[in-house]
Trainee: 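First the structure, then my questions, so here it is.
Because the structure is predicted, anything quoted here is derived from the model rather than measured.
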Amino acid sequence: QDNFLHDNQSEGLFIDHSHDNTITTNTFTLNDHCALVTNYAERNTITNNEVYENTCGISLWTNSIANVFQGNRLHENPCWGIGIWFGSNHNNFSHNVIVNNGDWGISFTSSDSNTLVDNVILNHQIGLEFEEANDNRLESNVICNHSMFDFSFYGTCQNNTGSNNT
């Protein structure tokens, strides 16, 4: 809590095979790769963090399951805001502000059953990217003003649902 994680040659924080942690009110900046990475990490709570000017924002790598991301601010990360990869399922994202990152706001790759509620996702090349991702739910998000697409789907993407998004 209340840490300033900066200028690391790789990630600011790497949560690997670790469960039930709370990461809150930290600042992540100027890290050479991602600000925060989870890998085989479950039931962690990541709240109210400031994530900016890292190469990438937050990455959920393989099998990061049932984590909660709430009230985080991700901006000016040249690659992406949040990347959700390979079996990172059942995560909840709410009340996050994800703006002015590079390629995309949030990307889902082979990750299912994630929930996005009340997030603001603005000013990327692609707002939300789905690749081989199923059963994700989007509700009451602001997703707009992207230079290429607000939503992009690659491969087989089934049963992704949305309501009250603008």
Trainee: Could you go through the side chain to side chain donor-acceptor pair (under 3.5 Å) check for His95 and Gln70 one step at a time?
Mentor: CA-CA 6 Å; His95 305 284; Gln70 183 175 24; 4.5 Å; no
Trainee: Give the ring-plane orientation class for Phe153 versus Phe151, where under 30° counts as parallel, over 60° as perpendicular and anything between as tilted.
Mentor: parallel
Trainee: Donor-acceptor check, side chain of Arg73 to backbone of Gly71, threshold 3.5 angstrom: yes or no?
Mentor: yes
Trainee: So, the side chain of Ser152 versus the backbone of Glu129: is there a donor-acceptor pair under 3.5 Å, distance only?
Mentor: no
Trainee: Could you give the distance from CH2 (Trp61) to OG (Ser111), rounded to the nearest 0.5 Å?
Mentor: 13.5 Å
Trainee: Using modelled atom types and a 3.5 Å cut-off, is there a donor and acceptor pairing between side-chain atoms of Asn96 and backbone atoms of Asn72?
Mentor: yes
Trainee: Is the backbone of Asn159 close enough, under 3.5 Å, to the side chain of Asn134 for a donor and an acceptor to pair up by distance?
Mentor: no
Trainee: Nearest heavy-atom pair of Ala133 and Asn136: which atoms, and what distance?
Mentor: CB-ND2, 3.7 Å
Trainee: What distance separates Cys56 SG from Asp32 CG, expressed to the nearest 0.5 Å?
Mentor: 10.5 Å
Trainee: Any donor and acceptor pair, going by atom type alone, linking the side chain of Ser140 with main-chain N or O of Val117 inside 3.5 Å?
Mentor: no
Trainee: Any non-hydrogen side-chain atom of Asn8 less than 4.5 Å from a side-chain atom of His33?
Mentor: no
Trainee: Any side-chain heavy atom of Asn49 sitting closer than 4.5 Å to one from Ile23?
Mentor: yes
Trainee: Pairing donors with acceptors under 3.5 angstrom, does anything connect the side chains of Asn21 and Asn44?
Mentor: yes
Trainee: Tell me whether the count of non-hydrogen atoms from other residues, nucleotides or ligands lying under 6.0 Å of CZ in Phe149 goes above 12.
Mentor: no
Trainee: Is Leu5 close to Thr29 at the side-chain level, that is, under 4.5 Å between some pair of heavy atoms?
Mentor: no
Trainee: Could you tell me whether the side chains of Thr47 and Thr24 share a donor-acceptor contact shorter than 3.5 Å?
Mentor: yes
Trainee: Heavy atoms, side chains only, cut-off 4.5 Å: are Thr109 and Phe130 in contact?
Mentor: no
Trainee: Using only heavy-atom distances, determine whether the side chains of Asn100 and His75 contain a donor-acceptor pair under 3.5 Å.
Mentor: no
Trainee: Less than 4.5 Å apart, any side-chain heavy atom of Trp80 and any of Leu74?
Mentor: no
Trainee: Is the backbone N or O of Asn141 less than 3.5 Å from a side-chain atom of Asn165, with the two atoms forming a donor-acceptor pair by type?
Mentor: yes
Trainee: Check for a donor-acceptor pair, side chain of His19 on one end and backbone N or O of Glu42 on the other, with a separation under 3.5 Å.
Mentor: yes
Trainee: Would you name the heavy atoms of Ile106 and Leu116 that are closest together and state the gap between them?
Mentor: CD1-CD2, 3.4 Å
Trainee: Using the rule that Ile, Leu, Val, Met, Phe, Trp and Tyr join whenever any side-chain heavy atoms are under 4.5 Å apart, tell me whether Trp104 and Ile58 fall into a single cluster.
Mentor: no
Trainee: Between Glu53 (side chain) and Glu76 (backbone), is there a donor-acceptor pair under 3.5 Å?
Mentor: no
Trainee: For a quick test of reading the model, state the closest non-hydrogen atom pair linking Gln125 to His146 and the distance between them.
Mentor: O-CB, 3.7 Å
Trainee: So do the side chains of Asn31 and Phe28 get within less than 4.5 Å of each other, counting heavy atoms only?
Mentor: yes
Trainee: Which heavy atom of Asn89 sits nearest to which heavy atom of Asn114, and what is that distance?
Mentor: C-OD1, 3.6 Å
Trainee: For the pair Ser88 (side chain) and Ser64 (backbone), establish whether a donor and an acceptor sit closer than 3.5 Å, ignoring hydrogens and angles.
Mentor: yes
Trainee: Between Asn119 (side chain) and Ile98 (backbone), is there a donor-acceptor pair under 3.5 Å?
Mentor: no
Trainee: For a 4.5 angstrom cut-off between non-hydrogen side-chain atoms, does Phe108 reach Ile82?
Mentor: no
Trainee: In this structure, which one of Thr38, Asn39, Val37 forms a side chain to side chain contact (heavy atoms under 4.5 Å, CB included) with Ile15?
Mentor: Thr38
Trainee: Less than 3.5 Å apart, any donor N or O on the side chain of Asn48 or Thr25 sitting next to an acceptor on the other?
Mentor: no
Trainee: Could you tell me whether the side chain of Ser94 reaches within less than 4.5 Å of the side chain of Phe69, counting heavy atoms only?
Mentor: no
